[in-house]
2 protein chains.
Amino acid sequence: MFQALADPSRRGMIERLSHGPASVSELAAPLAMSLPAVVQHLQLLEASGLVKTQKIGRVRSCVLDATAMSQAERWIHQRRTGWERRLDRLGDYLNQTRDDDQIKGDKS
Amino acid sequence: MFQALADPSRRGMIERLSHGPASVSELAAPLAMSLPAVVQHLQLLEASGLVKTQKIGRVRSCVLDATAMSQAERWIHQRRTGWERRLDRLGDYLNQTRDDDQIKGDKS
DNA sequence: CAATTAGTTAAGTTAATACTTAACTATCAC
DNA sequence: GTGATAGTTAAGTATTAACTTAACTAATTG
């Protein structure tokens, strides 16, 4: 999933899809590459679960999958907050020992 | 930054760092690869801003950078919620027209 | 039904990644 | 100072990723 987010063209496609569903050619329009290249990116996005597609007639409609997006979001969030809680506890500890020092009458 | 998150070994290192600072060898320990390979991953993580390092004596200490983490988190969050708001508005619209239909006396 | 449009498949090329080993440089412990 | 520890640098290899073009299929449109 992060692999899929790693490429700027694919992030561009996701950005576009965050504004609403789009066909393959609509996704391709702003990108400076051939259609097959876009399709390959799209396949990766679909394999990662970030995008769902459905073919109606001859046009394939693509939409963002909010569930997969929030899954990636959560992974980062949990690592970040895990680390921040540690930082906070360290801060508390430092404040605690400083207070102790003051109570014991040490010079600050 | 997402490029840095794309590799499983690097995510492993981030996971480790979310539990607290670590030296290069501590990061390398659980990984089945040579030390230089780990250093290369670490350089990428540092270049991406996700990890900060500092060398004291002969050991390099690595810590997670919460700011960079939340930046990646926010990118995903904004695309996801942007899309979800669209979905909600669509839902409202459908409910609205259904209500209109009922008001107009159409059979459901 | 002929031409266009929308997308797909296959195959090949180039460039970037993820490693490796070997040799080297500091720092620390005795 | 000798030897072990922690990490670094350099250089090469092998796999993967990001494209390309060419040829094709299947829906529309005039």
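Letters A, B, ... mirror the listed sequences (proteins, then strands); counts begin at 1. As the structure is a computational prediction, the values presented were derived from the model and not from experiment.
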Nearest whole angstrom, please: distance from the C1' of D/dT15 to the CD of A/Gln3. 13 Å

Which whole-number value in Å describes the distance from A/Glu46 CD to C/dT8 C1'? 13 Å

Inter-residue atom distance B/Thr67.OG1 - B/Lys52.NZ, 0.5 Å rounding: 8.0 Å

Which sits closer to the 5' end of DNA chain D, A/Ala32 or A/Gly57, going by the nucleotide each is nearest to? A/Ala32

How far does CG of A/Asp65 sit from CG of A/Leu17, to the nearest 0.5 angstrom? 11.5 Å

Under 4.0 Å from any atom of DNA chain C, heavy atoms only: list the residues of residues 33-42 of chain A that qualify, in numerical order. A/Leu35, A/Pro36, A/Val39, A/Gln40

Here's a test of your reading of the structure: between A/Leu44 and B/Gln43, which maps to the more 5' nucleotide of DNA chain D? B/Gln43

Rounded off to whole Å, could you give me the CG-to-P distance for the B/Leu5 and C/dA18 pair? 12 Å

Option among A/Arg16, A/Arg10, A/His41, A/Arg60 that satisfies the side-chain contact (heavy atoms from CB on, under 4.5 Å) test with A/Leu27: A/Arg16

What's the CG-P distance between A/Leu27 and C/dA6, to the nearest Å? 14 Å

Starting from C1' on D/dA27, measure out to NZ on A/Lys55 and report it in whole angstrom. 9 Å

A/Trp75 and its side-chain contact (heavy atoms from CB on, under 4.5 Å) partner, picked from A/His77, A/Glu73, A/Gln71, A/Arg79: A/Arg79

Send over the distance from A/Leu45 CG to D/dA17 C1', rounded to a whole Å. 14 Å

For atom CZ of A/Arg10 and atom P of D/dA17, their distance in whole Å: 9 Å

Starting from P on C/dT8, measure out to CZ on A/Arg60 and report it in whole angstrom. 4 Å

Could one point to a donor on the side chain of B/Arg58 or the base of D/dA6 with an acceptor on the other under 3.5 Å away? no

Looking at A/Arg86 and B/His19, would you say the former's side chain and the latter's main chain have a donor-acceptor pair under 3.5 Å? yes

Return yes if some donor-acceptor pair links the side-chain N/O of B/Arg11 with the main-chain N/O of B/Ala6 below 3.5 Å, else return no. yes

Rounded distance (nearest 0.5 Å) linking atom OG of A/Ser18 with atom CZ of B/Arg85: 9.5 Å

